[in-house]
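For reference, the structure is listed below as structure tokens.
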Amino acid sequence: MSHSQARSASPTNWQPNQQEREGLWIFTRVRDFIDNIANTSPARLALTVFAVVILLFTGLLSLPAASAEGNVTPLHQALFTAVSSVCVTGLTVVSTATHWTFFGQLVILVGIFVGGLGTLTLASLLALMVSKRLGVRGKLIAQEAMNNAGRLGEVGTLLRIVIVTSVVIEGALALALIPRFIVLGEDFWQAVWHGVFYSISSFNNAGFTPHSDGIVPYEMDLWILVPLMLGVFLGSLGFPVVMVLQQNGLNWKKWNLHTKLTIQVSFILLAAGAVLWALMEWDNVRTIAHMDLGDKITHSLFASVMTRSGGFNLVDQNHMESTTMLLTDALMFAGGGSASTAGGIKVTTIAVMFLAIMAEARGDADVKVYGRTIPQGTMRVAISVIVAGATLVSVAAFLLLSISGASLDRVLFESISAFATVGLSTNLTAELPPSGVYVLTALMFAGRVGTVTLAAGLALRQRSQLFHYPEERPIIG
């Protein structure tokens, strides 16, 4: 073959065929689309990623292989369960233990693990996987997901640390639980499955349980209860706090302000919740009145940990005093730490608002704590998160009251539990018609991604202005 023939033949040999060109074109368009959103509207990417993940898990749970009866699970039940797992809530409309096969429970468990990483973390990971890099805006939103736990150049490392930290803590919890289940009479593989399930469910504050009667049979068993409480509490602190603790240990002076506020307020809410829960339920014959002192303390501490997002329960929520239900509502709405697996309005939001009120009461111009001044923008974000959360709960409660006709205390309890991704229930969720199930589904999704994405969006949307209008202070209060 002549040189001219070789030259004319070589381009043909190296060009992809029509199908390959179309496949590459589609991949390129998808990559460019995701890359563009990641760098222009990361909050929208976070919402899109979570929605796509939920739809994927809904499809998997709808398969006959996921149902114990071998039938297709109705859409409202599959969608609700998918949202509840990915949004690490724990509310259920069907029994996790009896309705789902091992495959169905495995799908739920994977959904919990994926959802526990968080919307912003997932969006950052997707942007990294598709475009192999994060733009400046993408790095900013990833850094916001980690609550500014490191410099922009360290974002990729931080994302890896988040995943490794999750796996290590969940592995340690599983190793603590598996031997206990074996001692209690379960065979090896069943004990392994239950240990892994509870470890992932607890650290991610999901509250799902593979037993039909939950953890009530273990209400006196500290070998089960203590690892669950530790997992939920660590998960509720958030990855930024866990990373600071890894780097600096218990050296208070080296902690950043976020870590100090998160840990301090978390312990205050934990102690106050346990004491108040005990006082209200101490003589309640339907819950803990018949128990000895040690078991009463255990139940009170367990309830205080779980009400702020864990979702596991040792007593029937319908049997609690009305005052205890109101306390539970307040603790659920408060939630855990920012960038954590917990829900609610977050403890740092509460801390910032409390400090602002104290500063206003003292007449201080600045809000100061631990030698730092909290920016005005942070307080605006805190107010926005609280108002958005209260509005979502109010609208959902109004709709559920009209749909179900149930009492206000049960409806409000269920609404706050869904918004704060807690999972405690008065069993109203299982009694609702499909329309009510969809309301709670939307509330869980909004509660998991809404306030976080709103906070991140507001924090990044600060425009410089060339002028200011004259100030005029309206009358407040």
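Numbering of residues begins at 1 and proceeds along the displayed sequence.
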### Query
What is the distance from atom CD1 of Ile112 to atom CG of Asn205, rounded to the nearest 0.5 Å?
11.0 Å
### Query
Run the side chain to side chain contact (heavy atoms under 4.5 Å, CB included) check on Thr426 and Met325 step by step: do they pass?
CA-CA 10 Å; Thr426 60; Met325 290 188 70; 3.8 Å; yes
### Query
Donor-acceptor pair, Glu321 side chain versus Glu281 backbone, under 3.5 Å?
no
### Query
Backbone N or O of Ile345 within a donor-acceptor pair of the Thr349 side chain at under 3.5 Å?
yes
### Query
Measuring from Leu230:CG to Leu225:CG, what's the distance to the nearest 0.5 Å?
11.0 Å
### Met320 backbone acceptor or donor facing Thr287 side chain under 3.5 Å
no
### Message
Quick one, Thr298 and Leu222 - any side-chain contact, counting heavy atoms below 4.5 Å?
### Response
yes
### Message
Among residues at least two apart in sequence or on other chains, which ones pass ring pair (Phe, Tyr, Trp, His ring centres under 6.0 Å) with His319?
### Response
none
### Query
Do you know the tightest heavy-atom contact between Tyr218 and Glu186?
OH-OE2, 3.9 Å
### Task
Classify the side-chain pair Ser236/Ser309 by whether it contains a donor and acceptor separated by less than 3.5 Å.
no
### Task
Inspect the surroundings of CZ in Phe103 and state if more than 12 heavy atoms from other residues, nucleotides or ligands are less than 6.0 Å away.
yes
### Query
Around atom CD of Gln264, are there more than 12 heavy atoms of other residues, nucleotides or ligands at under 6.0 Å?
yes
### Message
Taking the basic N atoms (NZ, or NE/NH1/NH2) and the acidic carboxylate oxygens, is any pair closer than 4.0 Å for Lys368 and Asp366?
### Response
no
### Query
Which pair of non-hydrogen atoms, one from Met379 and one from Ala356, has the smallest distance, and what is that distance?
SD-CB, 3.7 Å
### Task
Indicate yes or no: at least one non-hydrogen side-chain atom of Leu301 is less than 4.5 angstrom from one of Leu270.
yes
### Message
Counting neighbours of CH2 on Trp223 that are heavy atoms of other residues, nucleotides or ligands and sit closer than 6.0 Å, is the number greater than 12?
### Response
no
### Task
Check the pair Gln105 / Phe208 against side chain to side chain contact (heavy atoms under 4.5 Å, CB included), numbers first and verdict last.
CA-CA 10 Å; Gln105 292 182 13; Phe208 278 93; over 6 Å; no
### Where Ser394 and Ala390 come nearest, the two heavy atoms and their spacing
OG-O, 2.7 Å
### Message
Nearest 0.5 Å, please: how far is CG in Asn204 from OG in Ser166?
### Response
6.5 Å
### Query
Which pair of heavy atoms, one from Asp283 and one from Ala289, lies closest together, and at what distance?
C-CB, 3.6 Å
### Message
Do Phe80 and Leu91 make a side-chain contact, defined as non-hydrogen atoms from C-beta onward lying under 4.5 Å apart?
### Response
yes
#### Entry: 4.5 Å side-chain heavy-atom contact, Phe445 and Val86
no
### Query
Just how far is it from atom CG of Leu177 to atom CG of Leu184, taken to the nearest 0.5 Å?
10.5 Å
### Message
Can you confirm whether Val110 sits close enough to Ile200 that some side-chain heavy atom of one is under 4.5 Å from a side-chain heavy atom of the other?
### Response
no
### Message
Taking Ala342's backbone N and O only, do any of them form a donor-acceptor pair with Ser340's side chain (distance below 3.5 Å, no angle check)?
### Response
yes
#### Entry: Spatial distance of atom CG (Leu314) from atom CG (Leu228) [nearest 0.5 Å]
9.0 Å
### Query
Tell me, do Asp316 and Val216 make a side-chain contact under 4.5 Å, heavy atoms counted?
no
### Query
Yes or no on ring pair (Phe, Tyr, Trp, His ring centres under 6.0 Å) for His211 and Tyr198, after CA distance, side-chain angles and deciding distance?
CA-CA 10 Å; His211 291 109; Tyr198 278 114; 5.6 Å; yes
#### Entry: Aromatic contact, Phe203 with Phe113 (centres under 6.0 Å)
no
### Query
Do any N or O atoms from the side chain of Ser404 and from the backbone of Leu400 form a donor-acceptor pair under 3.5 angstrom?
yes
### Which atom of Ala78 lies closest to which atom of Thr58, heavy atoms considered
CB-O, 3.9 Å
### Query
When you look at CZ of Arg286, are more than 12 heavy atoms from neighbouring residues, nucleotides or ligands closer to it than 6.0 Å?
yes
### Task
Answer yes or no: are there more than 12 heavy-atom neighbours, outside Glu69 itself, under 6.0 Å from its atom CD?
no
### Summary
The reported gap from CG in Leu257 to OH in Tyr370 (rounded to nearest 0.5 angstrom) is 8.5 Å
### Task
Work out which heavy atom in Ser425 is nearest to a heavy atom in Phe413; give both atom names and the distance.
N-CE2, 3.9 Å
### Task
Verify, without hydrogens or angle tests, whether Ser417 (side chain) and Glu414 (backbone) share a donor-acceptor contact under 3.5 angstrom.
no
### Task
May I have the step-by-step check of side-chain hydrogen bond (donor to acceptor under 3.5 Å, both in side chains) for His99 and Thr92, ending in yes or no?
CA-CA 11 Å; His99 179 84; Thr92 56; over 6 Å; no
### Task
Give the C-alpha distance, both sets of side-chain angles, the deciding distance and a yes or no for side chain to side chain contact (heavy atoms under 4.5 Å, CB included) between Met332 and Asp329.
CA-CA 5 Å; Met332 288 193 298; Asp329 288 341; 3.6 Å; yes
### Query
Between Thr262 and Thr259, is there a donor-acceptor pair closer than 3.5 Å when you use the side chain of the first and the backbone of the second?
no
### Query
Is any side-chain heavy atom of Met353 closer than 4.5 Å to a side-chain heavy atom of Ile383?
yes
### Message
Quick check: do Trp277 and Phe302 have side-chain heavy atoms less than 4.5 Å from each other?
### Response
no
### Query
Quick one: does Thr341's side chain have a donor or acceptor within less than 3.5 Å of a partner on Gly235's backbone?
yes
### Query
Is the side chain of Ser304 donor-acceptor paired with the backbone N or O of Ser300 at a distance under 3.5 Å, no angle test?
no
### Message
For Asn251, is there any backbone N or O sitting under 3.5 Å from a side-chain donor or acceptor partner on Asn248?
### Response
no
### Task
Report the relative orientation of the aromatic rings in Tyr438 and His76; use parallel for angles under 30°, tilted for 30 to 60°, perpendicular for over 60°.
perpendicular
### Query
Can you list the steps and then say if Leu61 with Leu79 is a side chain to side chain contact (heavy atoms under 4.5 Å, CB included)?
CA-CA 8 Å; Leu61 290 174; Leu79 176 63; over 6 Å; no
### Query
Who are the ring pair (Phe, Tyr, Trp, His ring centres under 6.0 Å) partners of Phe102, not counting sequence neighbours?
Trp193
## Note on the structure
For Phe398, the ring pair (Phe, Tyr, Trp, His ring centres under 6.0 Å) test, sequence neighbours excluded, returns none
